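What follows is one structure encoded as structure tokens, with my remarks underneath.
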2 protein chains.
Amino acid sequence: MKNCECPGAEKLHGRFRGCGYRMTAGREAVIKVLQETQEHLSADEIFSKARVINPDIGLTTIYRTLEKLSMMGEVHKLDSGDKRGRFELANSGKGHHHHLVCSRCNRIIDYDDFIDDEVRLLKEMEKKLSKKYNFAISGHLIQFYGVCDKCK
Amino acid sequence: MKNCECPGAEKLHGRFRGCGYRMTAGREAVIKVLQETQEHLSADEIFSKARVINPDIGLTTIYRTLEKLSMMGEVHKLDSGDKRGRFELANSGKGHHHHLVCSRCNRIIDYDDFIDDEVRLLKEMEKKLSKKYNFAISGHLIQFYGVCDKCK
DNA sequence: CCTCCTGATGAAAATGATTTTCAATAAGAA
DNA sequence: TTCTTATTGAAAATCATTTTCATCAGGAGG
């Protein structure tokens, strides 16, 4: 097995193939960009960074890749309040976390403090709600809105 | 005081004036539509319903009114997964509730079951997070995603 | 290593929700 | 009633995202 700087892409190759899809240079670039950032990038920002790796990639491919990864559950699409979507890898080193969203600058801050208490309650809620509403819960979104330190 | 079928609008008149804004027929129509629905309407749907009350109203006014109400904290803008925004009155009869969002049909279901436990935890989180991140928290968004009974 | 099927791609056009522009209108304080 | 200025509708502009379509390239099977 060759030395791959992009171990996640290696794993994702299999996931793609398993779904009848292919791993391509463009997709690898998108995945690499997502793995190397700590921010919550928009499609356009991912496009800029992916171009450094693969100058021929088109914005369309960024959108198509994000959509596939999103359907595969490998990427979460976030809504930061400005009109464009923002994306983060579901299985990055970050672990389970939620978001603080600044209403003024739209910055998204990750937090995982007290996450255990939160997750415990969420699991309970999920169980109760899915029974009562006959709703198959597959994920959740927890965010606090407000004004961040820089904008105060 | 005249008999007003639209008591919330009455209250909101004052809020508008207090901000240096005016209460107009168009705004009243938007508020009335929001008060009379149980659903989570898009701007366009609000437009259709508001036209019944005030046939001359334009879509632009709907957007402008929603934006003002939103900034005043009287309306919450929701993201249901399809690309258009959906809106709900913050102070309707519904009380504090959160959402179940169907990933398939984008329907949004309100729930207020076990809300007290949730709110208790959220308040605690808010206090701890705002201190740690020096972040002035003004609201939260809690949603569970999944597939609703009708789509299963 | 070669072939072929089919998924993937980029560029350009299309879409569709939301915003802006602008001249005309109307709230509401004085 | 007057006057200031917020508000309005229509049309044009934005802008993120999607679709179209002709071309290209993974990768399974030989």
Side-chain angles (χ1 to χ4, degrees), chain A residues 2 9-10 12-31 33 40-48 50-72 75-87 106, chain B residues 2 9-10 12-31 33 40-48 50-72 75-87 106:
Chain A
K2 70 171 189 294
E10 201 83 329
L12 286 174
H13 189 137
R15 301 267 345 251
F16 271 113
R17 299 300 302 128
C19 301
Y21 304 135
R22 296 169 186 167
M23 177 54 79
T24 64
R27 290 179 178 172
E28 259 174 25
V30 171
I31 292 164
V33 167
H40 305 85
L41 302 174
S42 66
D44 206 66
E45 290 165 343
I46 294 170
F47 179 45
S48 302
R51 276 233 254 218
V52 176
I53 303 172
N54 181 343
D56 290 334
I57 198 169
L59 181 53
T60 313
T61 295
I62 307 293
Y63 277 108
R64 284 190 280 228
T65 301
L66 288 171
E67 139 111 278
K68 280 233 152 59
L69 287 168
S70 191
M71 295 199 58
M72 291 160 59
V75 154
H76 293 148
K77 182 176 180 182
L78 314 176
D79 173 32
S80 68
D82 61 356
K83 61 183 122 193
R84 52 206 184 152
R86 296 186 167 277
F87 303 85
N106 293 318
Chain B
K2 72 172 190 292
E10 202 82 329
L12 285 174
H13 189 135
R15 302 263 350 248
F16 271 113
R17 297 303 300 126
C19 299
Y21 304 137
R22 297 169 186 169
M23 176 55 78
T24 64
R27 289 180 180 171
E28 257 174 28
V30 171
I31 292 165
V33 167
H40 305 85
L41 303 175
S42 66
D44 206 65
E45 290 165 342
I46 294 170
F47 179 45
S48 302
R51 275 234 254 218
V52 176
I53 302 172
N54 180 345
D56 291 333
I57 197 169
L59 180 53
T60 312
T61 295
I62 307 294
Y63 277 108
R64 283 190 280 227
T65 300
L66 288 171
E67 139 110 281
K68 279 232 153 59
L69 287 168
S70 191
M71 294 199 58
M72 290 160 57
V75 154
H76 292 147
K77 183 177 182 181
L78 314 175
D79 174 30
S80 70
D82 62 354
K83 63 182 119 193
R84 52 206 184 150
R86 296 185 168 276
F87 302 84
N106 294 319

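The shown structure was predicted, so the numbers you read here are calculated from the model rather than taken from an experiment. A note on names: the letters A, B, ... follow the listed sequences, proteins ahead of strands, and every chain is numbered from 1.
In this structure, A/Asp79 places its CG atom 10 Å from P of D/dT17, rounding to the nearest Å. Spacing between atom CZ of A/Phe47 and atom C1' of D/dT17 amounts to 14 Å, rounded to whole angstrom units. Between the CD1 atom of B/Ile62 and the C1' atom of D/dA10 there is a distance of 14 Å, rounded to whole Å. At whole-Å resolution of the value, CZ in B/Arg22 and C1' in D/dT8 are 11 Å apart. Here D/dT17 presents its P atom at 9 Å from CG of A/Asp82, a figure rounded to the nearest Å. In this structure, CG of A/Leu66 is placed 15 Å from P of D/dA16, rounded to the nearest angstrom. Atoms NZ (B/Lys68) and C1' (C/dT19) sit 13 Å apart, rounded to a whole Å. In this structure, A/Asp56 places its CG atom 13 Å from P of D/dC24, rounding to the nearest Å.
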Find every protein N or O atom lying less than 3.5 Å from an N or O atom of nucleotides 20-23 of chain D, and list the pairs.
{"unit_1": "D/dT20", "atom_1": "O4", "unit_2": "A/Arg64", "atom_2": "NH1", "d": "3.4"}

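In this structure, the nucleotide among C/dG16, D/dA16, C/dT18 sitting nearest to the side chain of A/Tyr63 is D/dA16. Taking every side-chain heavy atom of B/Tyr21 into account, D/dA6 is the closest of C/dT18, C/dG28, D/dA6.
When side chains are defined from C-beta on, A/Val33 does not count as touching A/Ile31, because their heavy atoms never get closer than 4.5 Å. Considering only heavy atoms from C-beta on, B/Ile46 comes within 4.5 Å of B/Phe87 through its side chain. Side chains of A/Arg27 and A/Phe16 form a contact here, defined as non-hydrogen atoms less than 4.5 Å apart.
When each of A/Arg17, A/His13, A/Arg15 is tested with A/Met23 by the rule side chain to side chain contact (heavy atoms under 4.5 Å, CB included), just one qualifies, namely A/His13.
Mapping B/Gly85 and B/Thr24 onto DNA chain C by nearest heavy atom places B/Gly85 at the nucleotide closer to the 5' end.
Between the side chains of B/Ser80 and B/Asp82, at least one donor N or O lies within less than 3.5 Å of an accepting N or O.
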Intermediate values then yes/no, side-chain contact (heavy atoms from CB on, under 4.5 Å), A/Ser48 and A/Glu45: CA-CA 5 Å; A/Ser48 302; A/Glu45 290 165 343; 5.6 Å; no

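Phosphate proximity of D/dG26 to A/His13: absent, as no side-chain N or O sits under 4.0 Å from OP1 or OP2. Side-chain N/O atoms of A/Arg27 include none lying less than 4.0 angstrom from OP1 or OP2 on D/dG26.
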Hey, can you pull the donor-acceptor pairs under 3.5 Å for the side chains in residues 65-72 of chain A, sequence neighbours left out?
{"unit_1": "A/Thr65", "atom_1": "OG1", "unit_2": "A/Thr61", "atom_2": "O", "d": "2.8"}

